[in-house]
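Below is one structure, written out as structure tokens; the observations come after it.
Note that ligands are numbered from 1 as they come in the structure, with each ligand's atoms numbered from 1 the same way.
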Amino acid sequence: MSEIRSVGVCGAGLMGNGIAQTCASAGLDVVLVELEQAPLDRGMSAIAKSLDKFVEKGKLSQTERAATAARIKASTDVADVKACDLVIEAIVENVEVKTALFRRLDEVLAPHAIICTNTSSLCVIELAAKTKRPDKVAGLHFFNPVPIMKLVEVVKTIATSQETVDALFAFSKKLGKEPILARDTPGFVVNRLLVPYLLYAIRLLEEGLASKEDIDNGMKLGCGYPMGPFELLDFVGLDTTYYIAEIMFDEFKDPMMAAPPLLKRMVLAGRLGRKSGKGFYDYA
Ligand code: CAA
Ligand code: NAD
């Protein structure tokens, strides 16, 4: 296909707003879609805050900031993505909800358009098979915080065409990211390694090995990680981590991937991490 110029992003949560911002920063026209106005407003204000940070650091001028923000159109109607060359889905990690959205996107988009999922753990081919364009469906897995993290995993299913993969590699580079190619297995490269580590940290806390603060300090000071596992769990979202663990365990039946009881209970209690104001740590 010809160059990707306009991008639709579905979901304005943690990942969706970062993806929309990053695309707009690269000069692309963006349509950011949510189900309702309130989460859309929250997503747009997260983008404004992040752009302000770049201005404060002297990495963006006020003029560039205004031009970037103006490239993002916010909408609560998914049909508004109809003219986009690429749509990136970044909604809740649930196969039924994502499937319904993929069916709708397939209806509204032009035949040349590519549809990608930012899923952390679901089978991309399951979503692709619900469309009439499985060759134009792939995973495009960004990392949190999207405007900062350099990596993008491009996930090729057994049906994704090489043309689509090439277009997504070129697109990722245009965003200033470094793409790597991964096969369509839950967790791809990074989460296959990262998720068992995060879950194991929770098991160590359950076991009483050390306090969460000491475990976090251990990994930061001993290994140079920017965040300890509990800080990172709160950052990613405990609900999202729980869904990812369930999906990965379902596929691999590896006990390392099973959600520890404490994680499930924290999600049931509404302690979702930074996004809810409380997780392993308090953000009130
Ligand atoms: N927008 C703009 N700038 C931002 C930002 C944002 N959203 N978040 C951080 N920054 C900037 C800061 O302004 C700062 O800039 P300077 O270096 O110019 O000063 C820089 O990034 C570093 O930020 P801070 O000083 O505030 O804090 P920090 O040094 O602790 O860095 C961090 C923050 C980049 C998030 C760092 O803690 C980090 O890398 N954490 C680990 C993140 C990680 O592992 N992400 C992957 C999660 S897993 C995933 O995404 C996959 C999945 O499917 C679950
Ligand atoms: P989030 O809970 O912050 O945001 C999800 C958003 O999607 C919510 O605002 C919700 O209102 C919206 N939404 C739900 N259904 C929708 C629909 N049909 N149309 C439009 N919007 C809809 O979640 P998140 O952390 O941004 O995760 C989104 C996706 O990205 C998940 O698949 C997750 O696995 C993946 N992911 C997350 C991270 C992370 O660190 N949190 C990293 C990489 C990938």
Side-chain angles (χ1 to χ4, degrees), residues 8-22 25 31-43 46-60 65 74-78 80-81 87-105 116-122 124 127 139-153 155 186-195 197-198 216 219-220 224-229 231-248 272-276:
V9 179
C10 295
L14 223 49
M15 297 305 288
N17 72 61
I19 295 169
Q21 177 188 330
T22 303
S25 297
V31 182
L32 178 60
V33 181
E34 259 288 345
L35 287 175
E36 287 168 12
Q37 197 59 42
L40 191 57
D41 291 345
R42 281 197 297 274
I47 292 172
K49 253 196 207 157
S50 174
L51 290 174
D52 286 342
K53 244 188 205 177
F54 284 118
V55 173
E56 264 168 45
K57 305 268 174 199
K59 291 180 180 165
L60 199 68
R65 185 213 181 283
S75 169
T76 52
D77 182 0
V78 72
D80 282 343
V81 303
V87 171
I88 304 168
E89 166 279 308
I91 67 170
V92 63
E93 189 75 339
N94 175 291
V95 73
E96 281 84 28
V97 186
K98 285 194 196 281
T99 296
L101 178 60
F102 264 67
R103 285 211 165 99
R104 183 85 180 101
L105 290 170
C116 287
T117 176
N118 185 52
T119 183
S120 306
S121 52
L122 288 165
V124 180
L127 301 172
L140 198 62
H141 187 221
F142 290 85
F143 290 80
N144 181 20
V146 183
I148 301 289
M149 304 311 272
K150 285 282 171 219
L151 184 70
V152 175
E153 290 177 313
V155 182
F188 318 124
V189 174
V190 174
N191 282 338
R192 185 80 175 268
L193 292 167
L194 180 65
V195 172
Y197 156 74
L198 294 176
D216 275 349
M219 296 313 292
K220 283 191 290 188
Y225 287 15
M227 289 177 169
E231 290 169 330
L232 188 53
L233 281 156
D234 280 355
F235 189 61
V236 165
L238 300 190
D239 50 346
T240 302
T241 308
Y242 177 63
Y243 305 143
I244 296 171
E246 293 271 284
I247 294 161
M248 288 178 69
L272 308 183
R274 284 196 194 192
K275 65 173 145 185
S276 73

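- Counting heavy atoms from C-beta on, the side chains of L105 and C10 come closer than 4.5 Å.
- Among protein heavy atoms, atom 4 (O) of ligand 2 sits closest to G13 CA, 3.3 Å.
- Annotation: atom 15 (N) of ligand 2 to nearest protein heavy atom, L35 CD1, 3.6 Å.
- Close approach of ligand 1 to S50 (heavy-atom distance below 4.0 Å) involves ligand atoms 1 (N), 2 (C), 6 (C), 7 (N).
- Atom 20 (C) of ligand 1 has I148 CD1, 4.8 Å as its closest protein atom, hydrogens excluded (heavy atom only).
- Contact annotation: K59 has at least one heavy atom less than 4.0 Å from an atom of ligand 1.
- Atom 16 (P) of ligand 1 is flagged as protein-proximal [any protein heavy atom, distance under 4.0 Å].
- The proximity of Y225 to ligand 1, defined as any non-hydrogen pair under 4.0 Å, does not occur for either the backbone or the side chain.
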For H141 and L151, run side-chain contact (heavy atoms from CB on, under 4.5 Å): C-alpha distance rounded to whole Å, both residues' side-chain angles, the deciding distance at 0.1 Å, then the answer. CA-CA 8 Å; H141 187 221; L151 184 70; over 6 Å; no
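- For the pair I148/K53, no side-chain contact is recorded, criterion being any heavy-atom separation below 4.5 Å from C-beta on.
- Residues L194 and L232 have side chains in contact (heavy-atom distance under 4.5 Å, counting atoms from C-beta outward).
- In this structure, the side chain of N118 engages the main chain of F142 through a donor-acceptor pair within 3.5 Å.
- Using a 4.5 Å cut-off on side-chain heavy atoms (C-beta onward), L233 and Y242 make no contact.
- Shown here for G228 and D216, the closest heavy-atom pair between the two residues is C-OD1, 3.0 Å.
- In the candidate list K220, E231, K57, K57 is nearest to atom 14 (C) of ligand 1, counting heavy atoms.
- The closest approach between a heavy atom of H141 and any atom of ligand 1 is below 4.0 Å.
- Taking a distance limit of 4.0 Å, we find that atom 11 (C) of ligand 1 is approached by some protein heavy atom.
- From the protein, the heavy atom lying nearest to atom 33 (C) of ligand 1 is M227 CE, 5.0 Å.
- When side chains are defined from C-beta on, K98 counts as touching E93, because their heavy atoms get closer than 4.5 Å.
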Test log, rule side-chain contact (heavy atoms from CB on, under 4.5 Å), inputs M149 and N144: CA-CA 6 Å; M149 304 311 272; N144 181 20; 5.8 Å; no
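- Counting only heavy atoms of the protein, atom 41 (N) of ligand 2 lies nearest to V236 O, 2.9 Å.
- The residue among R42, E89, K275 with a heavy atom at the shortest distance from atom 2 (O) of ligand 2 is K275.
- V190 and E153 make their closest contact through N-OE2, 2.9 Å (heavy atoms, listed as atom of the first residue, atom of the second, distance).
- Residue-ligand proximity, L194 to ligand 1, at heavy-atom distances under 4.0 Å covers atoms 48 (S).
- Contact between S120 and N191 at its shortest, heavy atoms only, is CB-ND2, 3.3 Å.
- Distances below 4.0 Å separate heavy atoms of F143 from the following atoms of ligand 1: 49 (C), 50 (O), 51 (C).
- By the definition of a contact as any protein heavy atom under 4.0 Å away, atom 40 (N) of ligand 1 is in contact.
- Residue L14 touches ligand 2 through backbone and side chain together, judged by heavy-atom distances below 4.0 Å.
- Under 4.0 Å from ligand 1, the heavy atoms of N191 that appear belong solely to its side chain.
- Donor-acceptor pairing under 3.5 Å is lacking for the side chains of T76 and E36.
- With ligand atoms numbered from 1 in the order given, ligand 2 contributes 31 (C), 32 (O) to contacts under 4.0 Å with heavy atoms of K98.
- At a 4.0 Å heavy-atom cut-off, ligand 2 touches V33 through the backbone alone.
- The closest heavy-atom contact to atom 31 (C) of ligand 2, among the options N118, T240, L105, I91, comes from I91.
- In terms of heavy-atom proximity, L101 sits nearest to V78 at CD1-CG2, 3.9 Å.
- Contact annotation: for F142 versus ligand 2, heavy atoms closer than 4.0 Å belong to the backbone alone.
- If you number the atoms of ligand 1 from 1 as listed, the ones under 4.0 Å from a heavy atom of S120 come out as 52 (C), 53 (O).
- Under 4.0 Å from ligand 1, the heavy atoms of L232 that appear belong solely to its side chain.
- At a heavy-atom distance under 4.0 Å, no atom of E36 approaches ligand 2.
- Distances from atom 29 (O) of ligand 1 to the protein include no heavy-atom value under 4.0 Å.
- Near T119, meaning under 4.0 Å from one of its heavy atoms, ligand 2 places the atoms 32 (O).
- Nearest-heavy-atom check against atom 5 (C) of ligand 2 across A38, G11, A90 picks out A90.
- Counting heavy atoms from C-beta on, the side chains of V146 and Q21 never come closer than 4.5 Å.
- Neither the backbone nor the side chain of T241 has a heavy atom within less than 4.0 Å of ligand 1.
- In this structure, the separation between OG1 on T240 and CG on N94 is 11.5 Å, given to the nearest 0.5 Å.
- Looking from atom 32 (O) of ligand 2 to the surrounding protein, the closest heavy atom is E93 OE1, 2.5 Å.
- F188 and L122 get closest at one heavy-atom pair: CZ-O, 4.2 Å.
- A heavy-atom distance below 4.5 Å is found between the side chains of K220 and E231.
- Taking each of L272, N144, I19 in turn, the one with a heavy atom nearest to atom 40 (O) of ligand 2 proves to be N144.
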Any chance you could lay out the side-chain hydrogen bond (donor to acceptor under 3.5 Å, both in side chains) test for T117 and E89, step after step, and finish with the verdict? CA-CA 5 Å; T117 176; E89 166 279 308; 2.4 Å; yes
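- Every atom of ligand 2 with a heavy atom of H141 under 4.0 Å away is listed here by number and element: 43 (C), 44 (C).
- For atom 2 (C) of ligand 1, the protein comes within 4.0 Å by at least one heavy atom.
- Judged by distance alone, with hydrogens and angles left aside, the side-chain atoms of T22 form a donor-acceptor pair with the main-chain N or O of G18 at under 3.5 Å.
- Atoms of ligand 2 found under 4.0 Å from any heavy atom of S120 (numbered from 1 in listed order, with element): 33 (C), 34 (O), 35 (C), 36 (N), 37 (C), 43 (C), 44 (C).
- The closest heavy-atom contact to atom 46 (C) of ligand 1, among the options V190, L151, V195, N144, comes from N144.
- Looking at G18, P226, P145, G228 and measuring to atom 38 (C) of ligand 1, the nearest heavy atom belongs to P226.
- Proximity of L32 to S75: side-chain heavy atoms (C-beta onward) are nowhere separated by under 4.5 Å.
- Of the protein's non-hydrogen atoms, the one nearest atom 37 (C) of ligand 2 is M15 CG, 3.3 Å.
- With respect to atom 54 (C) of ligand 1, the closest heavy atom belonging to the protein is V236 CG1, 3.7 Å.
- Here the protein heavy atom with the shortest distance to atom 26 (O) of ligand 1 is K53 NZ, 4.7 Å.
- Among protein heavy atoms, atom 9 (O) of ligand 2 sits closest to E34 OE2, 2.5 Å.
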